[in-house]
There are 2 protein chains.
Amino acid sequence: MDNNEVTIHDIANILEIDSSTVSRALNNSPRVAKKTKDKILAKANELGYQRNHLASNLRKSKTFTIGVIVPRISRHFFSSAIAGIEETAFKAGYNVIICQSLESLEREQSIIDTLLANRVDGVLVSISMETINYNHFKGLQQRNIPFVFFDRHCNISENSKVVIDDFEAAFTAVEHLIEQKSTEIAHFAGPQNLEIYKNRFKGYKAALEKYNIPFREELVITSTLMEKDGSENVKKLLALPYKVDGIFCANDVVAIGTIQHLKKMNIKIPEEIAIVGFSNESISSVIEPALTTINQSGTEIGNVATKLLLDKISNKTKKGIHETIIVKTNLIERTSSLRTKK
Amino acid sequence: MDNNEVTIHDIANILEIDSSTVSRALNNSPRVAKKTKDKILAKANELGYQRNHLASNLRKSKTFTIGVIVPRISRHFFSSAIAGIEETAFKAGYNVIICQSLESLEREQSIIDTLLANRVDGVLVSISMETINYNHFKGLQQRNIPFVFFDRHCNISENSKVVIDDFEAAFTAVEHLIEQKSTEIAHFAGPQNLEIYKNRFKGYKAALEKYNIPFREELVITSTLMEKDGSENVKKLLALPYKVDGIFCANDVVAIGTIQHLKKMNIKIPEEIAIVGFSNESISSVIEPALTTINQSGTEIGNVATKLLLDKISNKTKKGIHETIIVKTNLIERTSSLRTKK
DNA sequence: CTGTTAGCGCCTTCAG
DNA sequence: CTGAAGGCGCTAACAG
């Protein structure tokens, strides 16, 4: 079929030298005479030589590939995170295999098997909504394949992660609502088996407590992360016997649904109900006009996580040392019409 | 580091048979006795053997990897297309390398080099906005690496592609506006070097012609594909000396910007200005309430394109035969309040 | 500085 | 049905 690929042996034969010298030259080893090196490079160029990574990697028993597991690639946050991951990985000469767990634990497990079979050099993971046990990560540990969690991490024994300060961000968000004179503040929470949503919930509670606002069970609505949850949550709120005037939304997609529904109901944001929610580059503009957002850069998180993983792969980070990197978020007010009085 | 990997030789040694027999058994060759095969499989399982794809692929000079080039992964359409691609590819045992051209021709060229260096078995491409010459695809042709365009194709000599019927979709869209009694219909067009936007423009013109609506140069506003283009385009329309009452938007992101701006201006959709635009699974709900959409499934296009590519790779499709597969779109009306009278 | 040798792990003739 | 032998293309000792 295609046996016309140029190999180092072809170059060696033509130049009447040994293939190992050619190999060294092409790897820019200092132990080759400048003159021969030039000659080799010139000939390689002329013949259109391209290194066969398969062979090279086999020899070095390294794939220069990292695996990425995300719940769903079409989620705004994750696609921007992947953009960041690709960027950093490519620069370092690594390829990326992207896999979607589709929020299923079972799929997550089988993906790890696939990645192991593909001998990836490292793995980046943002766990699925269903993930409550972490046995499938043992396989990676056993085989000494470094992995780093990003965003949706888990409290597994020790492992590195790149996250935002969910507690802090939530606290600030709720504080912001309080400063806007909200007193009945609802929380649209995410799945409580995920650490990030647990912490956002904690931040919510802590802020209420600081300002002596009573915590009401019925104002916390936990749901999966669908857009329709937003509108359903709003319906539940409106059915309550008192008027909610603030919402802290733990997830961007839910926030969109929430805003859509409020608009449909002709409820003014933020005059009647103020909202604070998470967002990222790719989605912010859609919800920008409507709410104050905690800006969370997927690209940056992807970049940072990949850098950390690559460090681990090349053993720059000593084995057994596990870092937690916290990527900063910032609160962006989108509306000028703050409710300074009520 | 990790020399504890189990190989076929380990299995062969333990069982005191030859490694080639083990290889055959693991590949389910019919030329191995059932008894030995069972024995081998059992032992392989016991030892946790996993085939080393690097070695296997090197031997077969095949990577079981396909390259994907898209303008930008965080674009809704492309991330859903990638989801479809991954799905089909994984099922067939292929991995996927995803690359973003970031709308740059230069990057597109260098990505192809990277993919060539990685010896991918095939490539799926949606070209960048800047792509006007197609020389970089010659490299793929020369090396006999099949490639398939999807969505943003180009009119290169012959090659397979998976697309929607842009002309037809545009025609239907504009017809729909006309049925809604729109008479001054604007077209927010995309870059005219891309075939898809060229064809959408043609469809727009053809529909006007059919209904004897005069074509006005100034109602066609061509822009890049940013959200801000939407609002800028609207501003231009509003400055015109007559009232536009319909917009056919050739791109989903621009459509969002358009709707945002119209809403900000308190212009009612569709009563004052009706809009028809493209959309896909992941974005439709955001714009759903506002406009009629031409639904274009990224996932399906991804699936179909990958199937076609895999066929080409395995030579099921005879070489030199180039197919064009047209994925169906459908018009979805989102608003009940049609302007039946004006 | 360069050549020799020996694999990485797997697959595929070719014999038997 | 199984074994022996060779090699995919590259790299890493080890000599010289």
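In this text, all values refer to a predicted model and were calculated from it rather than measured experimentally. Just the heavy atoms: all of them, side chains too, but no hydrogens, waters or symmetry mates, feed the values below. Every chain is numbered from 1 and lettered A, B, ... according to where its sequence line falls, protein lines coming before strand lines.
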Classify the nucleic acid contact of B:Ser23 as base, sugar-phosphate or nothing, counting any heavy atom under 4.0 Å across all strands shown. base

Could you state the atom-to-atom distance from CD1 of A:Ile8 to P of D:dC8 in whole Å? 11 Å

For DNA chain D, find the residues of residues 24-35 of chain B with a heavy-atom distance under 4.0 Å and give them by number; none if there aren't any. B:Arg24, B:Arg31, B:Val32, B:Ala33

Rounded to whole Å, how long is the line connecting atom NE2 of A:His9 with atom C1' of C:dT5? 12 Å

Where the side chain of A:Thr114 meets the backbone of A:Ser110, is there a donor-acceptor pair that is under 3.5 Å apart? yes

Which residue lies toward the 5' end of DNA chain D, B:Lys37 or A:Asn57, if each is placed at its nearest nucleotide? B:Lys37

Rounded distance in Å - CD1 (B:Ile40) to P (D:dC1): 13 Å

Within 45° cone and under 6.0 Å: A:Lys62 NZ/CZ vs A:Phe64 ring: yes

Measure the distance from CG on B:Leu15 to P on D:dG3 and round it to the nearest whole Å. 10 Å

Any idea which of D:dC8, C:dT12, D:dT11 is nearest the A:Lys60 side chain? D:dT11

Tell me what A:Ile17 touches on the nucleic acid: a base, only sugar-phosphate, or nothing, going by heavy atoms under 4.0 Å. sugar-phosphate

Can you identify which nucleotide, out of D:dA4, D:dG9, D:dT11, has its nearest atom closest to the B:Asp18 side chain? D:dA4

For C:dG3 and A:Thr21 - does any side-chain N or O of the residue sit under 4.0 Å from the phosphate oxygens OP1/OP2? yes

Rounded to the nearest angstrom, tell me the gap between atom NZ in A:Lys62 and atom P in D:dA12. 13 Å

Between D:dA13 atom P and A:Arg59 atom CZ, what is the distance in whole Å? 8 Å

The nucleotide from D:dG9, C:dC10, D:dT2 with an atom nearest the side chain of A:Leu58 is D:dG9

Please give, in whole Å, the distance from D:dC1 P to B:Lys39 NZ? 14 Å

Within the 4.5 Å heavy-atom criterion, are A:Ser74 and A:Ser79 side-chain neighbours or not? no

Remember a base hit wins even if backbone is also touched, and classify B:Ser20 as base, sugar-phosphate or nothing at under 4.0 Å, heavy atoms. base

Using whole Å, what does the distance between atom C1' of nucleotide D:dC10 and atom CG of A:Asn52 come to? 8 Å

Do A:Arg152 and A:Glu103 sit within salt-bridge range, that is, some charged N less than 4.0 Å from a carboxylate O? yes

Go through the side-chain N and O atoms of B:Arg143 and A:Gln50 and say whether any donor and acceptor fall under 3.5 Å apart. yes

Side-chain donor-acceptor contact under 3.5 Å, B:Ser104 with B:Ser101: no

Do the ring planes of B:Phe137 and B:Phe147 sit parallel (below 30°), tilted (30 to 60°) or perpendicular (above 60°)? parallel

